[in-house]
Amino acid sequence: MFLKLVIWLLPLRFAVSSEDGFTFSGFIGANLSRDGAAVVTPEGLLRLTNTTDQTKGHAFYPVPLHFRPSPTANVLTFSTTFVFGIVTEYNGFSSHGFAFFISPSNDLSTALGVQYLGLFNSSSNGDPSNHIIAVEFDTILNPEFEDINDNHVGIDVNSLISNKSSTAGYFSDQGNELKNLSLVSVEPMQVWVEYDGIKMQFSVTLSPMGTSKPNHPLLSSTINLSSIMFDAMYVGFSGSQGLSRSSHYILGWSMKIDGRANDLNLSSLPSLPRRNNLEKGANHLRAWLPSSLSVIVLMAVALATFMVIRKRKFAELVEDWEVQYGPHRFSYKDLYMATKGFADKELLGSGGFGRVYRGTLRTSNMEVAVKRVSHESRQGMREFIAEIVSMGQLRHRNLVQLLGYCRQRNGELLLVYEFMPNGSLDKLLFGMDGFILDWRQRLRIIKGVASGLLYLHQGWEKVVIHRDIKASNVLLDSEMNGRLGDFGLARLYDHGTDPHTTHVVGTMGYIAPELTRTGKATTGTDVFAFGVFLLEVACGRKPLDLGAPEEEEVLVDWVVANWQRGEILDSCDRRLAGEYQVEEMELVLKLGLLSCHPLPGARPSMQRVMHILDGHVPLPEFSPSYLSDSIMEFLTDEGFDDNMASYPSSAYVSSEVSGGR
Ligand SMILES: *[C@@H]1O[C@H](CO)[C@@H](O)[C@H](O)[C@H]1NC(C)=O
Ligand SMILES: *[C@@H]1O[C@H](CO)[C@@H](O)[C@H](O)[C@H]1NC(C)=O
Ligand SMILES: *[C@@H]1O[C@H](CO)[C@@H](O)[C@H](O)[C@H]1NC(C)=O
Ligand SMILES: *[C@@H]1O[C@H](CO)[C@@H](O)[C@H](O)[C@H]1NC(C)=O
Ligand SMILES: *[C@@H]1O[C@H](CO)[C@@H](O)[C@H](O)[C@H]1NC(C)=O
Ligand SMILES: *[C@@H]1O[C@H](CO)[C@@H](O)[C@H](O)[C@H]1NC(C)=O
Ligand SMILES: CC(=O)N[C@H]1CO[C@H](CO)[C@@H](O)[C@@H]1O
Ligand SMILES: CC(=O)N[C@H]1CO[C@H](CO)[C@@H](O)[C@@H]1O
């Protein structure tokens, strides 16, 4: 009887003890629930992301832990420690990061990867009903989440906008100065996450593996977790990556509720692999080749013939230096298959840079747009590809995401973008199919484009000049958000050319006057084009319409003329049938005029444009004559060159004379 009781109690005791604490020194045989790309490697490492692009992965302790002694009591003290390492394939190209999290659910399948770190999606981010607490280890700067840099640790409560964050590092016990650590250094690091249930103090400490725990935590924040956490919560890790390959590894992990987590025996942890080797595919071939020599010879001949035929069809150009960019490259074959052989019926459109096809990637069923760009010179290609790869790291909800590229031997470059189901804005603005974008939609698109352009100008480590803002470069996603496409592409035409003879890239009607003079694209020339774009969207007219009555040919001049008559609203799109807010329409028209002021210094920055559109800053007072007066002032103040003197009669037409492509 007694024995029976013991036997009956034994598994129960086990379960209880494993519920308030656990220790994993390596993960061989560990009972974890995993999803997405997360795996335990044969060496016992928990790997959250694999080498496939844009993956996410989660690993949870399989049962929820009880964080309160009773469902109504306050959250208990708890502590966890783990060792992690991030292995990037190419030094300097970081991908997204990973997080330790506490969540009410073990199903995070609706969360997005990439910058959302597999924790939230665009609608759930910031929602208090998430009840998710996380410590993020983020290796990409995302301005939309107010990230401080591309190497930081943050405490997140229900949102990727961290409650508190810091550059990754640790405080040495002598001197108390912050020593920086690089998360992507491929060196293992140990983390301690602790919560003091009485003081409500949540702290995070980081140090290189093998050094003792620093006394001073890296991050410490007073948070009442009792108001956020439930009694039973899952704990785990979430990893996510973007374009460049990187793997997030956890080497060991221990956790304890109502106490201090067991120390990890560091010498028994599996070791972190060095930089990923490229997969060795050749070994597979060797394994199945039959031993008979004649068969081998026959097969080799057949194979070689087959390869030659295929190679001709799918000849792509890969140079040594490109191997480092790995997954940004798509194989020509995959793109060929995706677009059904670049079939005409998959053609989405053709623009200044080439033809664009719709495609569906076979491996992921993802819809993409593939742009074929011809490049005559291979000179500067390396810089250009490096730039494409870094452009791939630009992420903003108002930019069309670049997913990768492929180079072909015939001098063709294929760029792979996210697919935008609602096509380009000009088709909807000027389309003949009777569809009319209402004012609310137009204003939202305008604000979206402004925000995307602001990100290019200021949101990233480098200033990116778009150079070709216009309605046909604005694409619409499934929610009718405006997204800028083709950013940075105009540089293609600059590479390898003599800087003194750089020709002007842009589109007639959108080219700032000084650009035709100096040939130098700046954020100011982008603002000019954006101003023209504002007028285009508000008026539903192209910037230059040579078929229109003479006084209406140049959109900007016509709007100015209407304003001078005191009837600026006469300019707006008649198809709106008066369905708009007068103040908003006036604001957009005047802001458009101000932004395409002929003098670069008079134009606002995109930051200011954004503030004005959001109503945080009033539009400066100016009259229609300001546009021409200040030119006269400029012309009399400064010695100006001949080109300048040739345009005051109609400042805007000058681009017609010398611009275009
Ligand atoms: C893993 O843990 C879950 C939840 O406790 C349990 O149902 C399952 O049987 C365990 N699996 C193994 C192999 O121990
Ligand atoms: C990576 O993970 C995905 C699941 O997200 C899986 O489909 C794919 O096969 C994995 N790739 C490798 C190389 O393990
Ligand atoms: C976003 O996440 C929330 C909460 O997990 C989920 O309810 C919602 O369906 C998700 N939205 C999308 C668009 O996946
Ligand atoms: C540590 O990193 C921060 C942010 O990147 C930087 O400002 C600081 O100069 C670095 N400190 C050292 C000692 O490198
Ligand atoms: C913390 O939050 C819980 C639940 O909302 C509340 O009952 C408790 O009073 C809070 N503690 C403090 C010190 O504010
Ligand atoms: C730590 O692990 C090593 C190697 O597995 C083992 O030899 C050693 O006894 C362990 N130390 C402790 C304190 O458990
Ligand atoms: C800036 C920020 O995200 N603050 C959050 C910090 O955490 C509390 C919960 O304790 C949230 O309510 C805040 O919004
Ligand atoms: C105007 C227009 O074409 N709207 C479409 C945008 O895309 C969504 C989703 O693909 C469609 O449902 C809309 O009809």
Side-chain angles (χ1 to χ4, degrees), residues 33 35-36 54-58 60 64 66-78 99-138 141-149 152-166 193-204 217-238 240 258 364-367 397 401 418-422 477-481 483:
S33 358
D35 64 45
Q54 315 238 10
T55 55
K56 61 171 179 170
H58 300 107
F60 298 85
H66 291 281
F67 283 85
R68 302 174 193 239
S70 73
T72 50
N74 279 344
V75 167
L76 292 166
T77 291
F78 62 83
F100 164 76
F101 65 86
I102 306 176
S103 148
S105 156
N106 61 353
D107 177 10
L108 291 178
S109 55
T110 56
L112 297 173
V114 290
Q115 71 266 43
Y116 294 96
L117 302 182
L119 294 173
F120 305 108
N121 58 35
S122 51
S123 51
S124 69
N125 187 37
D127 184 347
S129 69
N130 287 317
H131 300 280
I132 291 178
I133 294 116
V135 178
E136 63 167 51
F137 297 82
D138 195 347
L141 190 165
N142 275 105
E144 59 182 308
F145 301 141
E146 298 167 20
D147 285 351
I148 49 168
N149 58 26
H152 63 272
V153 181
I155 300 174
D156 297 350
V157 177
N158 295 327
S159 168
L160 288 158
I161 300 181
S162 301
N163 243 298
K164 204 155 191 186
S165 65
S166 163
V193 177
E194 292 158 315
Y195 180 67
D196 181 328
I198 313 247
K199 296 186 191 149
M200 301 191 301
Q201 197 75 22
F202 189 89
S203 64
V204 180
L218 176 65
L219 288 170
S220 179
S221 180
T222 308
I223 304 175
N224 184 356
L225 289 185
S226 306
S227 61
I228 298 156
M229 280 167 63
F230 298 125
D231 166 29
M233 302 281 280
Y234 288 91
V235 292
F237 297 95
S238 172
S240 124
D258 201 14
S364 55
N365 245 344
M366 183 184 188
E367 280 200 295
R397 79 190 94 84
Q401 181 68 48
E418 259 178 311
F419 176 70
M420 293 289 121
N422 280 323
D477 65 16
S478 59
E479 289 160 347
M480 298 295 275
N481 292 306
R483 305 242 219 147

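First listed ligand is number 1; within each ligand, the first listed atom is number 1.
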Find all protein N or O atoms under 3.5 angstrom from an N or O atom of ligand 7 and list the pairs with distances, or write 'none'.
unit_1: ligand 7; atom_1: 4 (N); unit_2: Asn163; atom_2: OD1; d: 2.9
unit_1: ligand 7; atom_1: 7 (O); unit_2: Asn163; atom_2: OD1; d: 3.0
unit_1: ligand 7; atom_1: 7 (O); unit_2: Asn163; atom_2: ND2; d: 2.4

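Remark: Ser203 pairs with no residue by the side-chain hydrogen bond (donor to acceptor under 3.5 Å, both in side chains) rule, at least two apart or across chains. For Ser162, the side chain to side chain contact (heavy atoms under 4.5 Å, CB included) partners two or more places apart in sequence, or in a different chain, are Glu136, Asp156, Ser165.
A donor-acceptor pair under 3.5 Å is absent between the side-chain atoms of Gln201 and the main chain of Asp196, judged by distance alone. Formation of a donor-acceptor pair under 3.5 Å by the Lys56 side chain with backbone atoms of Asp35 is not found in this model. Between the Ser221 side chain and the Ile223 main chain, no donor and acceptor come within less than 3.5 Å of each other. No donor-acceptor distance shorter than 3.5 angstrom exists from the side chain of Asn158 to the backbone of Gly126, with no hydrogens or angles considered. Between the side chain of Ser226 and the backbone N or O of Val75, at least one donor-acceptor pair lies under 3.5 Å. In this structure a side-chain-to-backbone donor-acceptor pair under 3.5 Å is missing from His131 to Met229. In terms of modelled atom types and a separation under 3.5 Å, the side chain of Asn121 and the main chain of Ser124 share a donor-acceptor contact.
Considering backbone and side-chain N/O of Asn224, one or more are found under 3.5 Å from N/O of ligand 5.
Heavy atoms only, all atoms of each residue included: Gly118 and Ser240 are closest at N-CB, 4.1 Å.
Within 4.0 Å of ligand 3, counting heavy atoms only, the contacting residues are Thr110, Asn121, Ser123, Ser124.
Residue Met200 approaches ligand 5 through these ligand atoms, each under 4.0 Å from one of its heavy atoms: 13 (C).
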